[in-house]
Amino acid sequence: MKNILVTGGCGFIGSNFIRYILEDTDFEGKIVNIDSLTYAGNIESLIDIAEKYKGRYIFKRVDICDKEALETVFTDEKIDTICHFAAESHVDRSIVAPDDFIQTNIIGTYNLLNLAKTHQDELELFHHVSTDEVFGSLGAEGFFTETTRYKPNSPYSASKASSDHLVRAYNKTYKLPVTVSNCSNNYGPYQFPEKLIPLMILNALEGKSLPIYGDGKNVRDWLYVRDHCVAIWEIMKNGKRGETYNVGGNNEMQNIVVVETICDILDGIKGLSGSDSCKNLMTYVKDRPGHDQRYAIDFSKIKNELGWMPQESFESGIEKTVKWYLDNSTWIERIRSGEYLKWIKNQYE
Ligand code: NAD
Ligand code: DAU
């Protein structure tokens, strides 16, 4: 792998992945980040990386639905590997407005697969980043494995399931060298504050209510984003072509426990207690339609075959995450005030 095309590298996981590859691995090649810069893409998340790795880190504003632009980037940059993160990623948005999810997650992935197929002779690997949500919902017992049946429940997870099937089909039919990872809920630095953890941290800091859907007893398996990036890189280097790998955090937790933990950390930092505690901001609101009850990952395949295990406990990961949001108020301010999107408009449109 010399010239890696990363799609969606200005998003939460993609930007952490690029940072990890360039800063903390022995990769010596070039990363070409293509991102259309939707509301969720933030070029500022990699501003220091762009400066430090001039020549080895290249950003191009490209929509994965634009076939011609994809072809140009692939050829101009002599790409040999694709790592595909770009997606519409928020379940609540997919319930209200599924169109972009169908376009980007299904058609965009299809375009990338065709691009890869056209250049199959030059292509070492197409890695597809997917989610555990394709498996649907678990009851109190059991874990998702790589052979669990697909049963997506939201327009988001259905669009990701569809993209997973296309990736599989291109491997089976055309022998495209692919790997797929299905992981659980990520958290950590640079996550857009619409997802549970950053939303709760920022709302609590501003004294706003902390909306808990339904009874708050839904369970997610929290994976620190850096652990996820390490897993993806391991799969890209040593994963068996044509295989899928489940990646989990070993941190199953009910949503209310997650929110209470964030409140405890913030109360400790701000010296709050009793009627001043952030916990008083917790508000139970109408449930998400089709809300999956529980996700839990069996990651024994990647552990046994590639020696990967999550390193971060939830206690240490959430402390680091809260601290990151406290220390990066400019990044947050620019997103929350709309300044960042205004800047993109001036710069690119
Ligand atoms: P994100 O929403 O933070 O980032 C998505 C990025 O894709 C953004 O930078 C956005 O601008 C870009 N993008 C969207 N549409 C595009 C298009 N048409 N062309 C080019 N770029 C486009 O998402 P994330 O949380 O970083 O998730 C990354 C990937 O990981 C997604 O495929 C998602 O399904 C998957 N995933 C995420 C999680 C999680 O907990 N966040 C868990 C499992 C899997
Ligand atoms: O499991 C992997 C998936 O995790 C990824 O594929 C998705 O891209 C990612 O968004 C995430 O999906 P979730 O729906 O699990 O994440 P979210 O942060 O939106 O919600 C986590 C849980 O918290 C879920 O049970 C819904 C609940 N929730 C969420 C929000 C935003 C609330 O109770 N209140 C909220 O305000």
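We count ligands from 1, going down the list as the structure has it; atoms in each ligand are counted the same way.
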Any heavy atom of K160 closer to ligand 2 than 4.0 angstrom? no
Side chain or backbone of [X] under 4.0 Å from ligand 2, or both, or neither, by non-hydrogen atoms?
X: E133; answer: side chain
X: L199; answer: side chain
X: N185; answer: both

Numbered atoms and elements of ligand 1 in range of [X], under 4.0 angstrom, heavy atoms:
X: L37; result: 11 (O)
X: T131; result: 43 (C), 44 (C)
X: V129; result: 30 (O), 32 (O)
X: N185; result: 40 (O)
X: V62; result: 19 (N), 20 (C)
X: S184; result: 42 (C), 43 (C)
X: T38; result: 10 (C), 11 (O), 14 (C), 15 (N)

Looking only at protein heavy atoms, identify the closest one to [atom] and say how far it is in Å.
atom: atom 13 (N) of ligand 1; answer: S36 OG, 3.9 Å
atom: atom 26 (C) of ligand 2; answer: H291 NE2, 3.4 Å
atom: atom 19 (N) of ligand 1; answer: I64 N, 3.0 Å
atom: atom 32 (O) of ligand 1; answer: K160 NZ, 2.6 Å
atom: atom 15 (N) of ligand 1; answer: T104 CG2, 3.4 Å
atom: atom 40 (O) of ligand 1; answer: N186 N, 2.9 Å
atom: atom 38 (C) of ligand 1; answer: I13 CD1, 3.7 Å
atom: atom 4 (O) of ligand 1; answer: G11 CA, 3.3 Å
atom: atom 3 (O) of ligand 1; answer: F12 N, 3.0 Å

Has [X] got a side-chain atom pairing as donor or acceptor with [Y]'s backbone, closer than 3.5 angstrom?
X: N280; Y: S275; result: yes
X: N218; Y: D292; result: yes
X: N182; Y: N246; result: no
X: D92; Y: R288; result: no
X: S159; Y: Y156; result: yes
X: N203; Y: L210; result: no

(request) Answer yes or no on whether R294 is positioned over the face of F143, meaning its NZ or CZ is under 6.0 Å from the six-membered ring centre and within 45° of the axis. (result) yes
Q. Just checking, R220 and Y187: is the charged tip under 6.0 Å from the six-membered ring centre and within 45° of the axis?
A.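 Geometry flag: not set, cation outside 6.0 Å or 45°.
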Examine [X] against ligand 1 and note whether any of their N/O atoms are separated by less than 3.5 Å.
X: E88; result: no
X: H84; result: no
X: C183; result: no
X: Q191; result: no
X: K195; result: no

The test is side-chain hydrogen bond (donor to acceptor under 3.5 Å, both in side chains); show your working for T145 and T147 and say whether it passes. CA-CA 5 Å; T145 72; T147 55; 3.1 Å; yes
inquiry  = Check this for me - ligand 2, S89, N or O atoms closer than 3.5 angstrom, yes or no?
reply    = yes
Indicate yes or no: does an N/O atom of R220 lie under 3.5 Å from an N/O atom of ligand 2?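 Among all N and O atoms of R220, at least one is under 3.5 Å from an N or O of ligand 2.
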Please work out which of [options] has its closest non-hydrogen atom nearest to [atom].
atom: atom 34 (O) of ligand 1; options: Y39, Y156, F85; answer: Y156
atom: atom 1 (P) of ligand 1; options: G41, S89, G188; answer: S89
atom: atom 5 (C) of ligand 1; options: G8, A87, A69; answer: A87
atom: atom 20 (O) of ligand 2; options: R288, K195, E88; answer: R288
atom: atom 18 (O) of ligand 2; options: L196, D132, D215, N182; answer: L196
atom: atom 22 (C) of ligand 2; options: N255, D287, V91; answer: N255

Exercise for the section: In sequence, state the C-alpha distance, the side-chain angles, and the governing distance for E312 and S316, and then conclude on side-chain hydrogen bond (donor to acceptor under 3.5 Å, both in side chains). Expected result: CA-CA 6 Å; E312 200 77 49; S316 60; 2.7 Å; yes
At less than 4.0 angstrom from any non-hydrogen atom of [X], what atoms of ligand 2 do you find?
X: H90; answer: 19 (O)
X: T131; answer: 1 (O), 2 (C), 3 (C), 5 (C), 6 (O)
X: E194; answer: 31 (C)
X: I212; answer: 33 (O)
X: Y295; answer: 1 (O), 15 (O)
X: P211; answer: 32 (C), 33 (O), 34 (N), 35 (C), 36 (O)

Shortest non-hydrogen pair, G9 vs L46, comes out as O-CD1, 3.3 Å
Is there a continuous path of hydrophobic side-chain contacts, each under 4.5 Å between heavy atoms, that joins L196 to M282?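 L196 clusters together with M282.
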Assess whether atom CD of E141 is packed by more than 12 heavy atoms of other residues, nucleotides or ligands within 6.0 Å. no
If you draw a 6.0 Å radius around NZ in K237, do more than 12 non-hydrogen atoms from other residues or ligands fall strictly inside?
yes
The reported gap from CZ in R61 to SG in C10 (rounded to nearest 0.5 angstrom) is 9.5 Å
Within-shell test, [X] vs ligand 1, heavy atom, strictly < 4.0 Å:
X: S130; value: yes
X: D35; value: yes
X: G108; value: no

Side-chain ion pair, K279 and D264, N-O less than 4.0 Å |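 Salt bridge: yes.
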- Query: Is it true that E44 and R334 have a side-chain N and a carboxylate O under 4.0 angstrom from each other?
  - Reply: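 So E44 pairs with R334 through a salt bridge.
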Let me see the working for Y53 and E23 under side-chain hydrogen bond (donor to acceptor under 3.5 Å, both in side chains), right down to the final yes or no.
CA-CA 9 Å; Y53 294 94; E23 297 273 78; 2.3 Å; yes
